[in-house]
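Notes for the one structure printed next.
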Number of protein chains: 2
Amino acid sequence: MEAEQAAVVAPMFKALGDPVRLRLMSMIASVPEMCVCDLTPAFDLSGPTISHHLKVLREAGLVDSERRGTWVWYRVKPEAFRQLGALLDLPATTAPTTA
Amino acid sequence: MEAEQAAVVAPMFKALGDPVRLRLMSMIASVPEMCVCDLTPAFDLSGPTISHHLKVLREAGLVDSERRGTWVWYRVKPEAFRQLGALLDLPATTAPTTA
DNA sequence: CGTCTAGCTTGACAGATGTCAAAACAGGGT
DNA sequence: ACCCTGTTTTGACATCTGTCAAGCTAGACG
């Protein structure tokens, strides 16, 4: 793997390298999309902290978010998962999991 | 995913979340085993720094090392990869992509 | 307009992380 | 025994990270 590619992919792994973010990803991936209002109460952490972790996942390209009215909805970006899976020598399937 | 499982798996992702370690893994995984003496010169980093990164990979359970005479050899632990792969690879429950 | 709720941003701070130089450790060869 | 090379450990330091409190923004509803 070239340094260039590593610089792109490493942030994705890094984003998954925190137990809170890993659980957030798992929750988001378990349904088509998930509201922040349903994610936050699942953790013993402040709202700003959850918001921070979601931002890390967004900036790593692992999830997308969209505001619809009062609430903000998050969903996974399957192409990012395919990229990671390919690196782990997996049969390239399509989407992420409920983990 | 439960908090417990996340606490076990997150360190593996975290270990891969550094570009240097990702390239080290890639190099080690590309052959049956690889000598530290062949890993170090591939980077513009000091020996101790490479050794530190290898230690992180070891402690995450991603690689094993063995000293044979003068040199130390590293190889991947396939079972760790299977575990990560299982988390990333799954039937598509993916979201409606709105982009 | 005022206000309520949901979510994000800022600022601050303790603790973790990546890096190197220097020193220590391990083997092989002379 | 001595040194020489390869690897790890230790110590130090600047930067990054996870967390919270406080403040801010966005939209809904009277």
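Computed from a prediction, not measured in an experiment: that's the story for all the values here. Just so it is clear: chains get the letters A, B, ... in the order the sequence lines come, proteins before strands, and each one is counted from 1.
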### Query
Looking at five pairs on each end of the helix from C/dC1-D/dG30 to C/dT30-D/dA1, what is the angle between the two axes, given to 10 degrees?
10°

### Query
Does any N or O in the side chain of A/Thr40 come within less than 3.5 Å of the main-chain N or O of A/Val36, such that one atom is a donor and the other an acceptor?
yes

### Query
Contact class for A/Gly47 vs. all strands (heavy atom < 4.0 Å): base, sugar-phosphate, or nothing?
nothing

### Query
If you find the nucleotide of DNA chain D closest to A/Gly17 and the one closest to A/Arg67, which residue's nucleotide is nearer the 5' end?
A/Gly17

### Query
So, A/Glu66 and A/Arg75, do they make that salt bridge, N to O below 4.0 Å?
yes

### Task
With heavy atoms under 4.0 Å as the rule, sort B/His52 into base, sugar-phosphate or nothing.
base

### Query
Mapping A/Thr49 and A/Lys14 onto DNA chain D by nearest heavy atom, which one lands closer to the 5' end?
A/Lys14

### Message
Is the shortest side-chain heavy-atom distance between A/Lys14 and B/Phe13 below 4.5 Å?
### Response
no

### Check: A/Arg68 and A/Glu33 side chains under 4.5 Å, non-hydrogen atoms
yes

### Task
With the side chain counted from C-beta on, respond yes when A/Leu62 and A/Ile28 share a heavy-atom pair under 4.5 Å apart, and no when they do not.
no

### Query
Is the shortest heavy-atom distance from the side chain of B/Val76 to the side chain of B/Asp64 under 4.5 Å?
no

### Summary
Span of DNA chain C engaged by chain A, first through last nucleotide within the 4.0 Å heavy-atom cut-off, is C/dA6 to C/dT9

### Task
Give me the first and last nucleotide of DNA chain D, going 5' to 3', that has any atom under 4.0 Å from a heavy atom of chain B.
D/dG6 to D/dT9

### Task
Taking the side chain as every heavy atom from C-beta outward, state whether A/Val20 and A/Phe43 have any atom pair closer than 4.5 Å.
yes

### Query
Does the side chain of B/Gln5 reach to within under 4.5 Å of the side chain of B/Val8, using non-hydrogen atoms?
no

### Given DNA chain C, 5'-ward residue of the pair A/Thr70 and A/Pro48, judged by closest heavy atom
A/Thr70

### Query
With a 4.0 Å cut-off on heavy atoms, is A/Tyr74 in touch with a base, just the backbone sugar-phosphate, or nothing at all?
sugar-phosphate

### Query
Can any side-chain N or O of B/Arg58 pair as donor or acceptor with the backbone N or O of B/Val63 at less than 3.5 Å?
no

### Task
For B/Arg68, report the nucleic acid contact type (base, sugar-phosphate, nothing); a contact means any heavy atom under 4.0 Å.
nothing

### Query
Near A/Glu2 CD, under 6.0 Å, is it more than 12 heavy atoms from other residues, nucleotides or ligands?
no

#### Entry: Trace of the side-chain contact (heavy atoms from CB on, under 4.5 Å) decision for B/Leu84 with B/Leu16
CA-CA 11 Å; B/Leu84 294 183; B/Leu16 296 177; 4.0 Å; yes

